[in-house]
Colleague: 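Below is one structure. I have some questions about it.
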Amino acid sequence: MFSALFIDRDGTILREPDDEQIDSYEKFHFVPGAISALSFLRRHTDLRFVLVSNQDGLGTPSYPEADFWPTQQLMLDILAGEGVTFDDILIDRSFPEDHLPTRKPGTAMLTAYTDGQCDMSRSFVIGDRQTDAQLADNLGCRSLILGPEMDWDKITQIVYAGRREAAVRRTTHETDIDICLDLDGTGRSNISTGLGFFDHMLEQIARHGSIDLDISVRGDLHVDEHHTIEDTALTLGEALSQALVDKRGLARYGFENNFTLPMDDCLCRVALDLGGRPWLVWDAEFHREHIGEMPTEMFLHFFKSLSDAARMNLNIKAEGTNEHHKIEGIFKAFARALRMAVRRDIHNMQLPSSKGVL
């Protein structure tokens, strides 16, 4: 079997102009990072490269052949000069209103890849539109959609080194918790713990850490909030630990400027090390008993449980007067530090430790 990258053209390899037709050299520009990413993946993987593009009305008066092929050939020549060639080039010429099955997200152009010979579990659609994501769903593979949180560098990391995902369920007599985590996500979250303020804080980890995070918690809130918060931290830490099982190329540290993050009257500092040794340094005081439904005494306990389960060294300091701003700043600063620490260098896939183990 083989695996493939099904790669969109306009908006993915080449910048897409407002009129959606790259029909002149003036409109010909590469998407930043596309050439180097494709070159790296061509040299370091055995994936087949398949160009899949909708070109509305190609060959009709609205888009003459002579307007398309010069820039198409220029793109192919430039890429070939960097070692990038395509194993297959598939172009649908229909209009959207034609509703042809060959037009993305339809798969009729891709029958050579849907006969069971292509391993879709290891294949990706790379694009910039929802139709590309839908094409991936129709093929049964994954999509990587360019956007604010997904550039060519991140796409290269995922394709070459794999996604870092984990799904953990923790069930006790006190709580039942499901967490799905994707360290290479885009900041999407779906969180329900039964504690509104706690949900809001966990959403900060996803959003500012660029992590996809699904958390579902059923806890004994009729007793109090303690078990729900503690067990969520333990389960989230375990998910982080599982997702980071292969730490080759890992940045490991999140410490740049100690990740000082201001929030109105408050200043929060977080530094962390994913080196496998749990430790928490906590320098933050709270003078209210609760923020929302969350006891302020549980803030320290949450991060202690998280650092233990994730085997993370975590140093947190916060100062200020508004208690809501203070803890929200801590969660945001933690997310930014984590975002730095989980970055990978695919050009140096070594363990970031002189001991040889991490």
Side-chain angles (χ1 to χ4, degrees), residues 6 8 11-12 31 33 105 121 123-159 161-170 177-218 228-229 232-233 235-245 250-251 254 259 261 270 272 274 302 306 310 328-344:
F6 303 101
D8 177 49
T12 302
V31 170
S121 69
S123 298
F124 295 89
V125 172
I126 301 176
D128 69 311
R129 295 191 176 196
Q130 184 57 39
T131 51
D132 298 307
Q134 186 60 53
L135 175 63
D137 289 341
N138 293 343
L139 290 172
C141 66
R142 296 191 178 193
S143 62
L144 296 170
I145 305 302
L146 284 165
E149 300 293 339
M150 182 69 70
D151 58 14
W152 268 109
D153 181 62
K154 193 167 186 177
I155 287 171
T156 307
Q157 290 184 33
I158 294 171
V159 173
R163 292 200 86 109
R164 295 170 297 174
E165 301 171 305
V168 178
R169 182 168 190 178
R170 188 179 195 273
I177 300 173
D178 284 293
I179 293 183
C180 294
L181 174 150
D182 182 356
L183 292 178
D184 301 299
T186 60
R188 179 198 57 76
S189 64
N190 182 20
I191 297 171
S192 177
T193 66
L195 301 170
F197 185 76
F198 191 30
D199 291 353
H200 182 48
M201 293 301 99
L202 294 171
E203 287 166 0
Q204 306 311 309
I205 296 178
R207 173 65 64 183
H208 295 280
S210 194
I211 294 168
D212 287 350
L213 195 55
D214 292 308
I215 299 178
S216 175
V217 182
R218 294 161 295 281
T228 290
I229 296 168
T232 298
T235 311
L236 179 58
E238 177 61 26
L240 280 168
S241 181
Q242 289 189 20
L244 289 169
V245 64
L250 191 69
F259 272 92
L261 188 144
V270 173
L272 63 85
L274 297 172
F302 171 84
L306 179 64
E328 185 167 345
I330 287 174
F331 270 86
K332 288 178 176 178
F334 167 74
R336 297 294 296 187
L338 183 64
R339 183 173 180 171
M340 176 184 178
V342 301
R343 288 176 180 164
R344 286 182 292 189

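Atoms considered below: every heavy atom in the structure, side chains included; atoms not considered: hydrogens, waters and symmetry mates.
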Colleague: Do you know the tightest heavy-atom contact between Ala333 and Val270?
Modeller: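 Closest approach of Ala333 to Val270, heavy atoms only: CB-CG2, 3.6 Å.
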Colleague: Let me know which of Arg164, Arg142, Met150 forms a side-chain contact (heavy atoms from CB on, under 4.5 Å) with Ile158.
Modeller: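 For Ile158, the side-chain contact (heavy atoms from CB on, under 4.5 Å) test succeeds with only one of Arg164, Arg142, Met150, which is Met150.
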Colleague: Identify whether the distance between the nearest side-chain nitrogen and carboxylate oxygen of Arg339 and Glu149 falls below 4.0 Å.
Modeller: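 Looking at Arg339 and Glu149, the cut-off is met.
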Colleague: If you take all heavy atoms of Ile179 and Ala239, which pair is closest and at what distance?
Modeller: CG2-CB, 4.2 Å
Colleague: Side chains of Leu181 and Ile211: does their closest heavy-atom pair fall under 4.5 Å?
Modeller: yes
Colleague: State the OG-CG distance between Ser241 and Leu306, to the nearest 0.5 angstrom.
Modeller: 11.0 Å
Colleague: Would you indicate whether the side-chain heavy atoms of Thr12 and Arg129 approach each other to under 4.5 Å?
Modeller: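 Not in contact.
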Colleague: Check the orientation of Phe302 and Phe198. Use parallel for under 30°, tilted for 30 to 60°, and perpendicular for over 60°.
Modeller: perpendicular
Colleague: Set out, in order, the CA-CA distance, both residues' side-chain angles and the distance that settles side-chain contact (heavy atoms from CB on, under 4.5 Å) for Leu240 and Leu338, then state yes or no.
Modeller: CA-CA 10 Å; Leu240 280 168; Leu338 183 64; 4.1 Å; yes
Colleague: Is the closest basic N to carboxylate O distance between Arg163 and Asp182 below 4.0 Å?
Modeller: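 Asp182 and Arg163: salt-bridged.
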Colleague: What verdict does the side-chain contact (heavy atoms from CB on, under 4.5 Å) test give for Leu250 and Leu274, after you've listed the backbone C-alpha separation in whole Å, the side-chain angles of each residue and the deciding distance to 0.1 Å?
Modeller: CA-CA 9 Å; Leu250 191 69; Leu274 297 172; 4.2 Å; yes
Colleague: Using every non-hydrogen atom in the two residues, find where Gln204 and Phe331 come nearest and quote the distance to one decimal.
Modeller: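 Nearest pair, atom of Gln204 first, then Phe331: CB-CB, 4.3 Å.
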Colleague: Between CG of Leu144 and CD1 of Ile155, what distance do you get to the nearest 0.5 Å?
Modeller: 5.5 Å
Colleague: Side chains of Leu236 and Leu213: does their closest heavy-atom pair fall under 4.5 Å?
Modeller: yes
Colleague: What is the distance from atom CD1 of Ile205 to atom CZ of Arg336, rounded to the nearest 0.5 Å?
Modeller: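 So the gap between those two atoms works out to 14.0 Å.
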Colleague: Is there a donor-acceptor contact under 3.5 Å linking the side chains of Gln242 and Glu238?
Modeller: yes
Colleague: Might you work through the side-chain contact (heavy atoms from CB on, under 4.5 Å) test for Gln157 and Arg343, ending with a clear yes or no?
Modeller: CA-CA 9 Å; Gln157 290 184 33; Arg343 288 176 180 164; 5.7 Å; no
Colleague: Can you confirm whether more than 12 heavy atoms, excluding those of Arg207, are under 6.0 Å from its CZ atom?
Modeller: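 Not buried by this count: 12 neighbours or fewer within 6.0 Å.
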Colleague: Run the salt-bridge test on Asp178 and Arg218 with the 4.0 Å N-O cut-off and return the result as yes or no.
Modeller: yes
Colleague: How many angstroms lie between CG in Asp137 and CG in Asp132, if you round to the nearest 0.5 Å?
Modeller: 11.5 Å
Colleague: Are the side chain of Asp212 and the backbone N or O of Gly187 linked by a donor-acceptor pair below 3.5 Å?
Modeller: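 The answer is yes, because a donor-acceptor pair under 3.5 Å joins these two groups.
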Colleague: Kindly indicate, with the supporting measurements, whether the criterion side-chain contact (heavy atoms from CB on, under 4.5 Å) is fulfilled by Phe124 and Ser143.
Modeller: CA-CA 5 Å; Phe124 295 89; Ser143 62; over 6 Å; no
Colleague: What is the minimum heavy-atom distance between Ile145 and Ala133, and which atoms define it?
Modeller: CD1-N, 3.8 Å
Colleague: Donor-acceptor pair, distance only, cut-off 3.5 Å: does the side chain of Lys154 make one with the backbone of Gly185?
Modeller: yes
Colleague: Donor-acceptor check, side chain of Trp152 to backbone of Val31, threshold 3.5 angstrom: yes or no?
Modeller: no
Colleague: Locate the shortest heavy-atom distance separating Ala341 from Leu272; write the atom from each residue and the value.
Modeller: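 For Ala341 and Leu272, the tightest heavy-atom pair comes out as CB-CD1, 3.4 Å.
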Colleague: Got a donor-acceptor contact below 3.5 angstrom from the Asp199 side chain to the Thr193 backbone?
Modeller: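 Indeed, once roles are kept as given, a pair shorter than 3.5 Å links the two residues.
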Colleague: Looking at every non-hydrogen atom in both residues, tell me the closest pair between Ile215 and Leu202 and how far apart they are.
Modeller: CD1-CD1, 3.9 Å
Colleague: In Å and rounded to the nearest 0.5 Å, what is the SG to CG distance from Cys141 to Leu135?
Modeller: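 Reported value, rounded in 0.5 Å steps: 6.5 Å.
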Colleague: Please check if the side chain of Asp8 supplies one atom and the backbone of Ile126 the other of a donor-acceptor pair under 3.5 Å.
Modeller: no
